[in-house]
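These notes are about the structure you will find just below.
Just follow the structure's listing: the first ligand is 1, and inside any ligand the first atom is 1.
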Amino acid sequence: MSRSEALFERAKQVIPGGVNSPVRAFQAVGGNPRFIGKADGTRMMDVDGNTYLDYIGSWGPMILGHSHPAITEAAVKAAEQGLSFGASCEAEVEMAELICQSVPSVELVRMVNSGTEAVMSALRAARGYTGRDKIVKFEGCYHGHCDSMLVKAGSGVMTGGAPDSAGVPKGCAADTLTAVYNDLKSVEKLFSEFPGEIAAVIVEPVAANMGVVTPEEGFLSGLRSLCSKEKALLIFDEVITGFRLGFTGAQGYYDVTPDLTTFGKIIGAGMPVGAYGGRREVMETVAPVGQVYQAGTLSGNPVAMAAGLAQLHILKENPDIYEKLNRLGDCFRTKLSGLLEQYQVPCQVTGVGSLSCLFFTERPVRDYPSAKTSDTEAFGRYFRYMLSKGIYVAPSQFEALFLSAAHTEEDISRTLTVMEEYWNHPEV
Ligand code: HOZ
């Protein structure tokens, strides 16, 4: 028995399913999760001494690669001054200033500890500001595990095959309306069915939790116009795209201005961090200025702020990093599409910038119903082969493949060679 297998057996005795987040379980693809001991650059080493070329990057935040020396140094230095104060510190002011200066739609920002918390709080602020209860979300978009968002959610919920979670009171989900991604008409319909009742429309500007589904021309700007017309707020969930598609996130990339934005792990460089921010008058509804209550002992934690600031400063001062990330992503998708054509593989390649996805379906993917046509058994076979060759992609069809600035053209070539071997394999 390998050490990973032994650890998984122990974990199952004391942790539900042996994992602390369902997306880490290999339930949908078969096999046992690898327990990771160390990660550096693009490589992760498991406790059995196997090395993997990593395309998960801790689900996005390791945009500069694992164990970047400047980030580690900043975190260690901050830790030496104290791990948590439960009081204000200078680094959280610097972080808020940096976000507000970099993302024009954000005038005030509040730090929290995860993307889930950011979304939960942004929804509360939107409801407090508008005095309305209903929220529109899109099928297949994932906004963390807060009650009201576990309706037709992507990520682990979609991988697990259950459209909704047990344990969510009917009342919490009753105010969640679902629309179809890339389909403005489905949103218009909800506004006409519930006039004056919708507080906000929340969207992943690039849907990256049902695989990667990019917004079609006019979709995001159409949402902007609709929300303005209906006096509802537009919330961009940029937990995955923020500071990844560019320093101004997806809103800068697609030039659409939301009222509120949620950020997640990227601004903590992998430390547990999230934030929500936006228009001053909306954010001023939040306590202690306004009546929308939201709080957290660990919010703006000095160690997390130091790590996040170190990463954001490097990204800000080196815009060529985004050029490299986007070029690598384009190169990967172009070459992979060529390979699929050459071997007549009925798959779809999607993505933008450093986010990509290989869907095992013949149909073009533009929304949740088309993403769900994917052959998840075929994905499982592909996943297992890649892992056996030391290439670690997410253990689910419905997750993104993340590139970091540490990835090289050689990494991409090696990955494509393994994929080619796979499609050349007599049993595939
Ligand atoms: N959004 C991440 C996966 N799509 C979350 C990771 C997790 O749930 O652990």
Side-chain angles (χ1 to χ4, degrees), residues 11 15-29 33-36 39 44 54-63 112-120 122 137-147 149-162 165 181 202-214 235-245 249-250 261-276 350-351 354-359 365 368 371-372 374 376 379 383 392-404:
I15 303 173
V19 289
N20 276 319
S21 187
V23 299
R24 295 178 204 171
F26 280 22
Q27 253 170 6
V29 290
R34 302 301 190 261
F35 281 70
I36 304 300
M44 289 213 295
D54 176 31
Y55 284 108
I56 304 179
S58 190
W59 306 97
M62 315 319 288
I63 195 161
V112 290
N113 302 291
S114 69
T116 293
E117 230 187 287
V119 165
M120 194 176 84
K137 81 173 280 288
F138 293 89
E139 294 177 350
C141 282
Y142 179 72
H143 303 287
H145 64 91
C146 63
D147 281 343
M149 292 290 101
L150 288 179
V151 179
K152 293 249 175 93
S155 192
V157 187
M158 190 168 175
T159 304
S165 167
Y181 192 81
I202 184 166
V203 66
E204 291 182 82
V206 174
N209 284 288
M210 52 171 146
V212 179
V213 183
T214 52
I235 306 175
F236 273 9
D237 182 341
E238 295 232 39
V239 167
I240 289 185
T241 49
F243 298 98
R244 173 170 281 279
L245 278 196
T261 302
T262 58
F263 299 99
K265 40 211 155 202
I266 286 192
I267 60 170
M271 299 289 286
V273 177
Y276 67 106
T350 62
S354 54
L355 297 167
S356 301
C357 186
L358 174 62
F359 280 105
V365 179
Y368 179 76
K372 284 217 313 184
S374 300
T376 51
F379 178 87
F383 169 85
Y392 197 156
V393 297
S396 163
Q397 168 68 92
F398 305 115
E399 301 288 357
L401 182 146
F402 294 93
L403 289 175
S404 75

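Using modelled atom types and a 3.5 Å distance limit, the side chains of Thr159 and Gln397 yield no donor-acceptor pair.
Counting the atoms of ligand 1 from 1 in the order shown, those under 4.0 Å from a heavy atom of Glu399 are 3 (C), 4 (N). Distances below 4.0 Å separate heavy atoms of Ser155 from the following atoms of ligand 1: 3 (C), 4 (N). Listed by number with element, the atoms of ligand 1 under 4.0 angstrom from any heavy atom of Ser21 are 7 (C), 8 (O), 9 (O). Proximity to Lys265 (heavy-atom distance under 4.0 Å) selects the following atoms of ligand 1: 1 (N), 2 (C), 5 (C). Which parts of ligand 1 touch Val23 is read off a 4.0 Å heavy-atom cut-off, strictly below it: atoms 6 (C), 7 (C), 8 (O), 9 (O).
Distance OG1/Thr262 to CD1/Ile240: 10.5 Å, rounded to 0.5 Å.
The shortest N or O to N or O distance between Tyr142 and ligand 1 is not under 3.5 Å.
Nearest to atom 1 (N) of ligand 1 among the protein's heavy atoms is Asn209 OD1, 3.2 Å.
No side-chain donor-acceptor contact under 3.5 Å links Ser21 to the backbone of Arg24. With Lys265 contributing its side chain and Gly60 its backbone, the two residues share no donor-acceptor pair below 3.5 Å. Looking at Ser374, its side chain never comes within 3.5 Å of a backbone N or O of Phe359 through a donor-acceptor pair.
For the pair Met210 and ligand 1, no heavy-atom separation below 4.0 Å is found.
Heavy atoms of His143 found under 4.0 angstrom from ligand 1: none, in either backbone or side chain.
The aromatic rings of Phe26 and Tyr392 stand perpendicular to each other, their planes meeting at an angle above 60°, with 30° marking the opposite boundary.
Proximity of Tyr181 to Glu139: side-chain heavy atoms (C-beta onward) are nowhere separated by under 4.5 Å.
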